[in-house]
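So the structure is just underneath, and the comments pick up after that.
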Amino acid sequence: MPTHLENETTLVAEARAGSAAAFTTLVRQYDRNIYRLALNITGHREDAEDVLQEAFLKAYTNLDRFEGNSRFYTWLVRIAVNEALMKLRKRRSGREVSLDEPVEGGDNDSLPREIEAWGDNPEQRFQKSELQDILTGAVNSLPPHFRTVFVLRDVENFSTEETAELLGLSVPAVKSRLLRARLKLRQRLNKYFRRGPSLEDGTSSGNSPSLGNRGSGRG
Amino acid sequence: MALAREILRASATEARVGGRTLNCKGVVRQLSEYLNGALDPALAEELQKHLEHCEDCHLVVDTCRKTIQIYCNTEPMALPAGVRERLERALAEKIGRQGR
């Protein structure tokens, strides 16, 4: 989450007083976060750009209504999440997907698959843009009601309570969805991050060979 | 799945033998709260004991922890070309029309 909290308060006050420059500074401070949030929720670059624009335009229009009870960034995220969810619903209008569908029960009790060791900092094997594509692709493979929770909690680092409030969900619902999302992502990312014999840099040398194939027999 | 069931049964037996009640399914259910550091201390201790003797659960917890760390430590990329320019143009139009 972006820092510069004092800076944020000052900039918001100046923007409310009419400073377009102050608002532009806020935009530049947060636009990458809001774009990533929108891309992670919608899964479409065009939609993400629309959400980015709509969120900042609405924030500017409604700046007088921002009461300062929360951080400006949290308020901005709330606007962006609502815009992103609307985009998502439009895309899925023919498929009747509810973001509020109950997810408790179901395969909550199934055991994880793809159980293999990853080694330390497995993400460092990838270039930045490649890693970003892998991470975004994995999040987009989650059902919407899981990925919205995961994105707010584990990508944007809001607390469980804040995530519940932002999405209008109960805390237990957030916890349940977060658990499922984390387990699914772990499983999806395993093929990229597992420590395997194919690595040429020798980082697998400390690994027991038997662990390399643990996942193949599960499931 | 047969192997998974077998492993689960073996772990559950082992847990009972050791006087513990938390089996693999229990670990998975508590995993998220454990990684959040929000688990009841007694339960967290029980979970840690399970991890000491169950390699599968140890790996699941470790890779889940790394999954979360990778996401939360990854800074957002620069915006794709043209996105910031179009955003600022749209804002400039809005500000020009509306003012404050």
Side-chain angles (χ1 to χ4, degrees), chain A residues 15-20 23-24 27-28 31-33 35-37 45 48-49 52-53 56-57 60-61 63-64 108-118 120-123 128-129 131-132 135 139 150 154-157 160 175 178-179 182-183 185-186 189-190 193-194 211 214 217-219, chain B residues 1-8 11 23-36 38 54-80 82-100:
Chain A
R16 286 177 69 141
S19 168
F23 193 76
T24 302
V27 170
R28 289 188 181 170
D31 57 4
R32 292 184 311 151
N33 281 76
Y35 181 82
R36 178 176 67 175
L37 174 82
R45 285 174 188 270
E49 184 171 349
L52 177 74
Q53 288 202 8
F56 278 112
L57 289 172
Y60 185 78
T61 304
L63 207 47
D64 289 337
N108 253 352
D109 280 345
S110 64
L111 283 171
R113 286 183 272 172
E114 313 293 338
I115 302 176
E116 298 177 75
W118 284 10
D120 295 330
N121 306 312
E123 75 280 15
K128 248 183 154 184
S129 62
L131 178 65
Q132 193 66 57
L135 298 181
V139 166
F150 180 81
D154 284 345
V155 182
E156 301 304 326
N157 294 322
T160 301
K175 286 181 178 175
L178 185 64
L179 169 63
R182 285 170 165 179
L183 287 170
L185 281 175
R186 187 206 68 81
L189 294 174
N190 183 63
F193 297 150
R194 67 185 164 198
L211 291 179
R214 294 180 73 88
R218 304 293 303 271
Chain B
M1 283 310 287
L3 181 60
R5 275 195 295 276
E6 210 173 291
I7 291 168
L8 173 66
S11 297
N23 61 16
C24 297
K25 279 188 179 179
V27 169
V28 171
R29 272 191 220 109
Q30 305 297 338
L31 178 152
S32 211
E33 285 294 88
Y34 175 69
L35 293 177
N36 289 347
C54 181
E55 184 137 25
D56 274 1
C57 283
H58 174 77
L59 285 175
V60 169
V61 169
D62 182 63
T63 51
C64 203
R65 177 188 288 118
K66 283 172 180 158
T67 297
I68 298 163
Q69 282 171 348
I70 289 167
Y71 274 99
C72 80
N73 290 338
T74 303
E75 286 291 309
M77 296 283 288
L79 294 173
V83 169
R84 180 172 275 171
E85 290 72 18
R86 289 191 288 276
L87 170 63
E88 292 189 349
R89 204 177 311 135
L91 276 167
E93 281 174 23
K94 179 94 174 172
I95 291 169
R97 280 200 309 272
Q98 178 180 319
R100 282 212 67 79

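In what follows, chains are A, B, ... by sequence order, proteins preceding strands, each numbered from 1. Predicted model, so just to flag it, every value in this text is computed and none were measured.
Both the backbone and the side chain of Arg28(A) have a heavy atom closer than 4.5 Å to some heavy atom of chain B. For Gln53(A), the parts lying near chain B are the backbone and the side chain together; criterion is any non-hydrogen pair under 4.5 Å. Using a 4.5 Å cut-off between heavy atoms, Leu189(A) touches chain B through its side chain atoms alone.
Here the side chains of Leu185(A) and Tyr71(B) are in contact, with some heavy-atom distance below 4.5 Å. Using a 4.5 Å heavy-atom threshold, the side chains of Ile70(B) and Leu135(A) count as touching. Looking at Thr67(B) and Trp118(A), their side chains come closer than 4.5 Å, going by heavy atoms from C-beta outward. Inter-residue side-chain proximity for Leu59(B) and Glu116(A) is flagged as unmet; no heavy-atom pair is nearer than 4.5 Å. By the 4.5 Å heavy-atom criterion applied to side chains, Leu31(B) and Leu183(A) are counted as neighbours. Glu123(A) places none of its side-chain heavy atoms less than 4.5 Å from the side chain of Gln69(B). For the pair Met77(B)/Ser129(A), a side-chain contact is recorded, criterion being any heavy-atom separation below 4.5 Å from C-beta on. Between Lys66(B) and Asp120(A) there is a side-chain heavy-atom pair separated by less than 4.5 Å.
Contacts with chain A were tallied for Val60(B), Val83(B), Thr63(B); Thr63(B) has the most, counting heavy-atom pairs under 4.5 Å.
For Arg45(A), the CZ atom sits in a loose shell: 12 or fewer heavy atoms of surrounding residues, nucleotides or ligands are nearer than 6.0 Å.
Using a cut-off of 4.0 Å between Lys/Arg side-chain N and Asp/Glu carboxylate O, Lys128(A) and Glu75(B) are scored as not salt-bridged.
Shown here are the side-chain contact (heavy atoms from CB on, under 4.5 Å) partners of Ile68(B), two or more places apart in sequence or in another chain: Asp154(A), Arg182(A), Leu35(B). Every residue meeting the side-chain contact (heavy atoms from CB on, under 4.5 Å) condition with Ala38(B), not counting sequence neighbours, appears here in chain and number order: Glu33(B), Asn36(B).
Considering Val155(A), Asn33(A), Leu37(A) as possible partners of Pro76(B), the one that fulfils the side chain to side chain contact (heavy atoms under 4.5 Å, CB included) test is Asn33(A).
Heavy-atom minimum distance, Asp31(A) versus Arg84(B): OD2-NE, 2.7 Å.
Side-chain atoms of Thr61(A) and Lys94(B) include a donor-acceptor pair closer than 3.5 Å.
Atom CZ in Phe56(A) sits 8.0 Å away from atom CG in Leu91(B) (nearest 0.5 Å). Between the CG atom in Leu52(A) and the CG atom in Leu79(B) there is a gap of 6.5 Å [rounded to 0.5 Å].
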